[in-house]
Colleague: 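My questions will all concern the structure given below.
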Amino acid sequence: MKKPLKNYNGIDYIEVSREDIQQATQLASELLGISLDDLSLPARNLLQLLLEMDQKTFTRKEVMNHTGWTKTRLHIHLTELIEMELVLPESTKKNQLYKLLYNGEGQDGRRFMLGLGGVQ
């Protein structure tokens, strides 16, 4: 589509609609996003278990208690989720906290970008 060029105080711009932004968001997700298929099966399982915990911040001990996973197994697959930026480590003086950034996107097989939601 060709949108008319407008000018405000010497600055050229193009007005976009909500539909334009939605289309750009979908394109960006498809081109730049990640897929759950990029994760190993155990990391995907861990991600699902973290969602089931229904808390956005957690410690490794809390996850081990919830999942029954060993320290080593949890370390390997939590590291994978951190590298994919689905979980963010947050330090405190007392213990290491983690923040779940993932909200269930991409379960339909589509690629997604965290934090890049639709226009409201």
Side-chain angles (χ1 to χ4, degrees):
M1 290 184 348
K2 180 95 174 155
K3 298 245 182 198
L5 192 62
K6 298 187 176 188
N7 187 297
Y8 178 78
N9 290 340
I11 299 173
D12 292 332
Y13 69 97
I14 298 172
E15 283 186 2
V16 297
S17 65
R18 290 185 184 276
E19 292 78 22
D20 295 332
I21 295 170
Q22 185 64 33
Q23 186 176 22
T25 300
Q26 289 172 345
L27 285 171
S29 292
E30 283 296 318
L31 295 172
L32 305 171
I34 62 170
S35 168
L36 293 179
D37 292 337
D38 297 336
L39 295 171
S40 67
L41 186 56
R44 279 181 84 161
N45 291 340
L46 177 57
L47 191 58
Q48 185 61 41
L49 291 167
L50 292 174
L51 280 175
E52 291 171 6
M53 285 179 64
D54 202 27
Q55 58 189 74
K56 285 296 185 182
T57 59
F58 52 87
T59 64
R60 285 182 187 232
K61 185 172 182 170
E62 290 171 330
V63 176
M64 288 177 9
N65 289 339
H66 178 74
T67 63
W69 287 22
T70 64
K71 187 175 182 179
T72 301
R73 182 178 181 196
L74 178 61
H75 172 75
I76 291 167
H77 303 297
L78 185 59
T79 299
E80 185 177 348
L81 296 179
I82 291 168
E83 289 172 356
M84 293 292 288
E85 299 179 349
L86 298 168
V87 173
L88 178 68
E90 295 184 329
S91 294
T92 63
K93 284 187 177 186
K94 193 168 187 175
N95 54 10
Q96 179 74 42
L97 285 175
Y98 298 88
K99 182 175 183 178
L100 180 62
L101 301 177
Y102 177 73
N103 294 310
E105 303 90 339
Q107 293 187 13
D108 58 0
R110 293 185 180 182
R111 298 181 81 74
F112 63 94
M113 292 181 70
L114 292 177
L116 190 61
V119 180
Q120 306 204 2

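Note that the coordinates shown come from a computational prediction; the quantities given were computed from them, not determined experimentally.
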Colleague: With a cut-off of 6.0 Å (strictly less than), are more than 12 heavy atoms of other residues, nucleotides or ligands near OH of Y8?
Modeller: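 Atom OH in Y8 is not crowded, with 12 or fewer foreign heavy atoms closer than 6.0 Å.
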Colleague: Are S17 and K3 side-chain neighbours, meaning at least one heavy-atom pair lies under 4.5 Å?
Modeller: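 Heavy-atom side-chain distance check passes, below 4.5 Å.
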Colleague: Are M84 and V63 connected into the same hydrophobic cluster when the rule is that any two of I, L, V, M, F, W, Y join if their side-chain heavy atoms are below 4.5 Å apart?
Modeller: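 Yes; M84 is reachable from V63 via cluster members.
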Colleague: Flag the pair L47 / L100 as yes when at least one side-chain heavy-atom distance between them is below 4.5 Å, and no otherwise.
Modeller: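 A side-chain contact exists here, since the closest heavy-atom pair is under 4.5 Å.
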Colleague: Per the salt bridge (Lys or Arg N to Asp or Glu O under 4.0 Å) rule, what does the pair list look like for residues 47-63, sequence neighbours excluded?
Modeller: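 Those involving residues 47-63 do not exist here.
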Colleague: Check the pair W69 / H77 against side-chain contact (heavy atoms from CB on, under 4.5 Å), numbers first and verdict last.
Modeller: CA-CA 10 Å; W69 287 22; H77 303 297; 4.0 Å; yes
Colleague: Got a sec, which pairs hit salt bridge (Lys or Arg N to Asp or Glu O under 4.0 Å) with one end in residues 5-15, sequence neighbours left out?
Modeller: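 Checked against salt bridge (Lys or Arg N to Asp or Glu O under 4.0 Å) - neighbours excluded - the pairs reaching residues 5-15 are K6-E15.
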Colleague: Would you call V87 and L101 a side-chain contact if the rule is heavy atoms closer than 4.5 Å?
Modeller: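 Result no, sub-4.5 Å side-chain heavy-atom pair not found.
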Colleague: Test: salt bridge (Lys or Arg N to Asp or Glu O under 4.0 Å). Region: residues 72-81. Which pairs qualify, not counting sequence neighbours?
Modeller: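 For residues 72-81, and leaving out neighbouring residues, there are no salt bridge (Lys or Arg N to Asp or Glu O under 4.0 Å) pairs at all.
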Colleague: Closest heavy-atom contact between I82 and P89?
Modeller: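 The pair with the smallest heavy-atom distance is CG2-CD, 4.0 Å.
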Colleague: Under 6.0 Å from the CD atom of Q55, do we count more than 12 heavy atoms belonging to anything else shown?
Modeller: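 Yes - once you tally the heavy atoms of other residues, nucleotides and ligands closer than 6.0 Å, there are more than 12.
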Colleague: Quick one: pull up OG1 in T59 and CD in E90 and give me the separation to the nearest 0.5 Å.
Modeller: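 T59 OG1 to E90 CD: 12.5 Å, rounded to 0.5 Å.
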Colleague: How far does CG of L50 sit from NZ of K99, to the nearest 0.5 angstrom?
Modeller: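 Nearest 0.5 Å value for the CG-NZ distance: 14.5 Å.
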Colleague: Do T79 and H75 make a side-chain contact, defined as non-hydrogen atoms from C-beta onward lying under 4.5 Å apart?
Modeller: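 Of all side-chain heavy-atom pairs linking H75 with T79, at least one is under 4.5 Å.
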Colleague: Can you name the closest pair of heavy atoms from R44 and L36 and give their distance?
Modeller: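 Closest heavy-atom pair between R44 and L36: CD-O, 3.3 Å.
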Colleague: Please tell me if the side chains of L39 and L46 come closer than 4.5 Å, counting only heavy atoms from C-beta onward.
Modeller: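 Of all side-chain heavy-atom pairs linking L46 with L39, none is under 4.5 Å.
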Colleague: Evaluate the side-chain proximity of L97 to F58: yes if any heavy-atom separation is below 4.5 Å, no if none is.
Modeller: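 When only atoms from C-beta onward are counted, L97 and F58 do not touch, as no gap falls below 4.5 Å.
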Colleague: Between L88 and Y98, is any pair of side-chain heavy atoms under 4.5 Å apart?
Modeller: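 Of all side-chain heavy-atom pairs linking Y98 with L88, none is under 4.5 Å.
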